[in-house]
Amino acid sequence: MKTHKTLFLAWQDPNSRFWFPIGRLTFDGATYQFVYTQGVKEAQEKSGFTPLSSFPRFDEVYTSTYLFSVFSNRLMPRSRPDYSSFIEWLNIPKHEDDPITLLARSGGQKKTDTLTVFPCPIPDEEGRYHLHFFPHGMQHLPPSSIERINCFVPGEKLWLSHEFQNIYDQMALTLNTEDHHIVGYCPRYLNPEIFELIRRTTYEVNVQVERINQPPTPRQFRLLCHLTAKGDDGFSPFSSKIYQPL
């Protein structure tokens, strides 16, 4: 398993619920670096985003030998009695539970704010990109869908469906089973890249069940999905201008 070295920070407008990629965190093995990305301009124009208190200047490059608090506060303390269970939910080997990998897999989202993180995928030896995520919207699923999720087996295929009539998000992508159960939504901040991958007909995009965590696991960590994409046209996910530094 490869350790993610680059994470993107996304901010959600509390009114429109739209997600904007606003920053990029990198780690070279010794130093963490954070910069705002071009996506922050759109967040400013459309939703009045203002700089985070931890990073008050848009045009500055922030460096530290320690993980910035806005990220470290999103990690479960190793001293927690349920830490080992948390690592199992994320399907991460214990010896690979470094901060960047934990944030990349968990999303680092807290109920108390409007920020989340997601990894910049890197291709494997076969040129295939891998991305893990926990579906959103599971708290709104009917009991029949939850029952279906509880019956999943690793490797089971899921289908993406464009919910274009969704009045809250016209790019909404549902995750569906072969027997037509909706089992969640792709995180909104991933949708533009997934649509771009699908638009490029040379790409093969697949979603499978990576792990199912049975109750009493919190519902937001119940279903871990694994998206893979492979193509030969030189496109790499999250390489567009909005993900580039200011």
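Model, not experiment: these values are computed from the prediction. Heavy atoms only: backbone and side chains are in, while hydrogens, waters and symmetry mates are out.
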Do F68 and F55 have ring centroids that are under 6.0 Å from one another?
yes
For Q165, I'd like to know if atom CD has over 12 heavy atoms of other residues, nucleotides or ligands within 6.0 Å.
no
Are more than 12 heavy atoms from other residues, nucleotides or ligands located less than 6.0 Å from atom CD of Q214?
yes
Mind checking whether F34 and Y36 have ring centres under 6.0 Å apart?
yes
Contact between P77 and Y83 at the side-chain level, heavy atoms closer than 4.5 Å - yes or no?
no
When you measure from the side chain of R105 to the backbone of I87, do you find a donor-acceptor pair of N or O atoms at a distance under 3.5 Å?
no
Please round to the nearest 0.5 Å and tell me the distance separating atom CZ of F8 and atom CD1 of I242.
9.0 Å
Rounding to 0.5 Å, atoms CE (M76) and OG (S85) come to a distance of 8.5 Å
Does the side chain of C225 reach to within under 4.5 Å of the side chain of V209, using non-hydrogen atoms?
no
For G108, is there any backbone N or O sitting under 3.5 Å from a side-chain donor or acceptor partner on S106?
yes
Smallest separation among heavy atoms of V183 and P135, with atom names
O-CB, 4.3 Å
Verify, without hydrogens or angle tests, whether Y129 (side chain) and C120 (backbone) share a donor-acceptor contact under 3.5 angstrom.
no
So does E156 have more than 12 non-hydrogen atoms from other groups sitting under 6.0 Å from CD?
yes
Let me see the working for F221 and F86 under ring pair (Phe, Tyr, Trp, His ring centres under 6.0 Å), right down to the final yes or no.
CA-CA 9 Å; F221 294 118; F86 182 63; 5.6 Å; yes
Min side-chain heavy-atom separation F134-L224 under 4.5 Å
yes
Show the numbers, then the answer: is there a side chain to side chain contact (heavy atoms under 4.5 Å, CB included) between L197 and V205?
CA-CA 7 Å; L197 288 170; V205 180; 3.8 Å; yes
Backbone of G127 reached by a side-chain donor or acceptor of D124 within 3.5 Å:
yes
Between D97 and L102, what is the shortest heavy-atom contact and its length?
O-CD1, 3.5 Å
Please determine if D98 and K5 form a salt bridge, counting it only when a charged side-chain N lies under 4.0 Å from a carboxylate O.
no
Check: W89 main-chain N/O paired with N213 side-chain donor or acceptor under 3.5 Å:
yes
Once you round to the nearest 0.5 Å, how far does NZ of K241 lie from OG1 of T37?
11.5 Å
So if you build clusters from Ile, Leu, Val, Met, Phe, Trp, Tyr with side-chain heavy-atom gaps below 4.5 Å, do W11 and V35 land together?
no
Any side-chain heavy-atom pair from I212 and V153 closer than 4.5 angstrom?
no
M171 side chain near I194 side chain, heavy-atom distance below 4.5 Å:
no
Do any N or O atoms from the side chain of S145 and from the backbone of I182 form a donor-acceptor pair under 3.5 angstrom?
yes
Distance col, row L223:CG vs L175:CG, nearest 0.5 angstrom, shows 7.5 Å
Same cluster (ILVMFWY, side-chain, under 4.5 Å), V61 and L25
no
When rounded to the nearest 0.5 angstrom, what is the spacing between CD in Q33 and CZ in R24?
7.0 Å
Taking V70's backbone N and O only, do any of them form a donor-acceptor pair with S54's side chain (distance below 3.5 Å, no angle check)?
no
Show your working on side chain to side chain contact (heavy atoms under 4.5 Å, CB included) between N166 and T174 and close with a plain yes or no.
CA-CA 11 Å; N166 187 317; T174 59; over 6 Å; no
Please check if the distance between the ring centroids of F118 and F238 is under 6.0 Å.
yes
Please lay out, stage by stage, how S64 and Y66 fare under the test side chain to side chain contact (heavy atoms under 4.5 Å, CB included).
CA-CA 5 Å; S64 174; Y66 296 95; 3.8 Å; yes
Looking at Q244, is its backbone amide N or carbonyl O close enough to the side chain of Q38 to form a donor-acceptor pair, meaning the two atoms are under 3.5 Å apart?
no
I'd like to know whether R211 forms a side chain to side chain contact (heavy atoms under 4.5 Å, CB included) with L90, so could you lay out the CA-CA distance, the side-chain angles of the two residues, the decisive distance to 0.1 Å, and finally the verdict.
CA-CA 8 Å; R211 180 183 172 90; L90 303 183; over 6 Å; no
F58 versus K41: any side-chain heavy-atom pair under 4.5 Å?
no
Minimum heavy-atom distance between Q109 and R74, given as atom pair plus value:
CA-NH1, 4.4 Å
Candidate pair D169 and R17, rule salt bridge (charged side-chain N to carboxylate O under 4.0 Å, His left out), full reasoning:
CA-CA 9 Å; D169 180 11; R17 310 297 292 172; over 6 Å; no
If you take all heavy atoms of T177 and W159, which pair is closest and at what distance?
C-CE3, 4.1 Å
If you take the centroid of each ring, where Trp contributes its six-membered ring, are Y32 and F71 closer together than 6.0 Å?
no
If hydrophobic clusters are built from ILVMFWY residues whose side chains come within less than 4.5 Å, do Y185 and L227 share one?
no
Do N206 and E204 pair up side chain to side chain, a donor and an acceptor below 3.5 Å, judged on atom types alone?
yes
For the CD1 atom of I146 and the SG atom of C151, what is their distance to the nearest 0.5 Å?
11.5 Å
Nearest atoms (heavy-atom pairs only) where W19 meets A10
CZ3-O, 3.5 Å
Is there a side-chain contact between L160 and V207 (heavy atoms, below 4.5 Å)?
yes
Close aromatic pair by centroid cut-off 6.0 Å: F195 and H162:
yes
Any link between L190 and L173 through a network of hydrophobic side chains (Ile, Leu, Val, Met, Phe, Trp, Tyr) touching at under 4.5 Å?
yes
Counting C-beta onward and ignoring hydrogens, is there a side-chain heavy-atom pair between S84 and K94 closer than 4.5 Å?
yes
Any side-chain to backbone donor/acceptor pair from T217 onto R222? Under 3.5 Å, distance only.
no
Please give me the minimum heavy-atom distance between N150 and P215, naming the atom from each residue.
OD1-CD, 4.0 Å
